[in-house]
Amino acid sequence: MPTDLLAGLNPKQREAVETVDGPVLIVAGPGSGKTRVITHRIAYLVRVCGVTPYRIAAVTFTNKAAREMNLRLAPLLGQAVRDLTAGTFHSFCAMVLRRDGDSVGLDRNFAIYDDPDQIDLLKRSMTEVNVDPKHFHPRAVQSAISGAKSQLLGVEGFKDRRDSYFDEVVFRVYERYEALMTRVGTVDFDDLLMKTYLLFENFPDVADKYRNRYVHFMIDEFQDTNVAQYAIARQLSRESRNLCVVGDPDQSIYSWRNADIRNILSFQTDYPEAKVIALEENYRSTQTILNAARSVIAANTQRVEKDLWTKNGPGVPITVFEGYDEKEEAQFVIKEIANLTKDANGSVDGLYALGDIAVMYRVNAQSRALEDECLRYGVPYQVVGGLKFYLRQEVKDLTAYLRLAANPHDDVSLNRVINRPTRGIGQRTLDELMRLARDAGTSMYTAIEGLATSGDGAGIESVALAPRAIRALTDFKSLIDGLASESERLSLIELMELAVERTGYRRHLLEDDERGEERIENIQEYVNSAGDFADLEGRDALNAFLEKVSLVSDVDELEEKAELVTLITLHQAKGLEYPVVFMVGMEEKLLPHSRSMEDPSEMEEERRLCYVGLTRAKERIYLLRAFRRGLWGRSEPTLPSRFLNDIPKDLIISPVRGNSRSAASPAVRLGPARTRFANGERAPTPPVDSNSLRTGDKVRHASFGEGIVMSSSRSGADTELTVAFKEGHGVKRLLRSFAPLEKVD
DNA sequence: CGAGAATAGTTTTTT
DNA sequence: ACTATTCTCG
């Protein structure tokens, strides 16, 4: 039934779906139905062209995008979706390397080092080649190495390219870092790509295997791929030439992570026969939002002209609000959310659920003020990212034990937990152990093994270790060996629980850590998450779990919950859409960020970031800024973002504070911010309080229990209550419309 | 060796 | 302001 797959598509979309032979470049503006085109194209390949899903690979930017693709394909393909290869570039490569990585010297059970792990090993590499980490920032070296790998420059390649003293230093560290990584049997994120590339390049039979399998290869978010990723895609589609890439240069926001926008240009030279299809009709946003976005992006010079348009109506104007500081900025957001979500009775609004709303910001640190206010007023929210679950200390500690069970030669993990809880293995002992490992060219685990077999005592003067230290080390080795052998027969959950107990980690948390309870809860949550792997056995479960843990991102965890407001960075918001969007911190040095001020091309990326934010909104957008912003404990005056100036004034409406003379005198701090709209057009209607609460009323709160209303005051269109609760919950300020409050007689 | 104090560095975005 | 690392003493 080809017709139903094409029904409801506009001519361009239809063309994109039907063009299945040869290379295709789809330039897809925001909200242009890109996901729809990708899923329908895959379904078309399967159902109309008779291609089995097994022969199709589609790589996306996040696991979430992949999951969503699967979800939307399921009704079109049924069970067959399961044969499709869909995932991130990194997970695709991890799969290839698990299967065939032995050709490039990889153990099947290699671990994937995340950022902090990588920095750890890098620091060690630096000390070993006498580069002072005080003088050269490990972070800077890491970024240089990562940049090299993203362009497929191995140690040798980098050697020929270096042209500064810094490069010289990086080269020395890079060389040692690679040696250590090989020794401990691990790879970093960039290795996943580069090693896959090398595998395909040097082992044609392996490459052919994948080339034969993947007759169709699709890449989403192509503007954010790096050179290595594009090279792999080219290797795979060398014979078939069926490479379909989808992207939007205006939404390229990851150049700092070595994404190379030039891939789009290269694509057109590498595949001169490629068909280029532009999707320019926007189905997402109102005319007003689109106009604003367009006028912001138009100021970029390095740009392929593209004209977005929509049949949607103008909708409501954009609201621009300036608060006194980030706290007032956050309060405005909260109050506006209250207006937008209030029960329809008595309000013109009341159209939205909390899940329809997102608050977006440039840097994670900005979520703090927003969270504080949400907590204070009882607004349910979820923060995407920030303190990442998998990067939490206790989670990483347990992961380290698991990794050691899978591969005891993983030095970074070993270092992490060898003395956690304390086992009498201090820095001196560790230094000596590292020296031994280095001299023998082995992992630290093997070095301990050496100590054990040569017997403690008898004539090993070269080993400057006390018998007690040797004892402690060999005990630790037995602990790891024990976990490793148990991992063969226990279920993953059992293994994790065993690890927490047998290593003494649980006791350690309970006794020595003031946040122990909280950490144990996190561990519990972590252990529970392993339940998904229950159908796999022993080692396989462990390996699969560890891989997942290394490759998940925070957006992946994002849940579309109707009852939660989403707090998210602009970067993470890429690819998402919300009926209502608040962009906070529209200030110079924040958006655009201060680090982008010097470089014009970085400034253009900031502008694209702003464009991405604006185009996430379907119906309403609020642009906020604070007159003063706290930074490093200091509060400093700010300047409005240049991007605000680029939005035509006739698209904007600015609410002013209650009795302040004008919006332009923000320093005047007045009582509770009573919001009134300047042109009076959409002034929020005061609530009709049928069940109003007054001072002295007894109330019951869902989580705080019983309390007494101390005072109530009108705040915007809502009522702010000050309630004293019993049982040590203290005095809280709550918004009537959110607080789960009941009157008690 | 370990615990607590002093101190430095941190905040751009993340697979 | 906050935290992560380094320093100092018991």
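As a basis for the values below, the full set of heavy atoms in this structure was taken, side chains included, without hydrogen atoms, waters or symmetry mates. Sequence lines set the chain letters: A, B, ... in the order given, protein chains first and strands last, and positions in each chain run from 1.
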Is there a side-chain polar atom (N or O) of [X] under 4.0 Å from OP1 or OP2 of [N]?
X       : N       : value
H137(A) : dT10(B) : yes
R423(A) : dC1(B)  : no
N226(A) : dT15(B) : no
N258(A) : dT14(B) : no
Q572(A) : dT13(B) : no

**OP:** Applying salt bridge (Lys or Arg N to Asp or Glu O under 4.0 Å), name anything that partners R108(A), two or more places apart in sequence or on another chain.
**Re:**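 Not a single residue meets the salt bridge (Lys or Arg N to Asp or Glu O under 4.0 Å) criterion with R108(A).
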
What is the nucleic acid contact for [X], judged by heavy atoms within less than 4.0 Å: base, sugar-phosphate only, or nothing?
X       : value
F61(A)  : sugar-phosphate
D190(A) : nothing
S91(A)  : nothing

Subject >> Under the side-chain hydrogen bond (donor to acceptor under 3.5 Å, both in side chains) test, residues paired with D224(A) that sit two or more places apart >> reply: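 In terms of side-chain hydrogen bond (donor to acceptor under 3.5 Å, both in side chains), with neighbours along the sequence ignored, D224(A) is linked to K574(A).
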
Subject >> cation_pi(R420(A), Y505(A)) dist<6.0 Å, angle<=45 >> reply: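 No cation-pi geometry.
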
**OP:** Would you kindly compare Q118(A) and S594(A) by the position of their nearest DNA chain B nucleotide and give the one closer to the 5′ end?
**Re:**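 In this pair, the answer is S594(A).
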
Original post:
How far, in whole Å, is dT6(C) from dT11(B) if one measures between their C1' atoms?
Top reply: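 To the nearest whole Å, 22 Å.
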
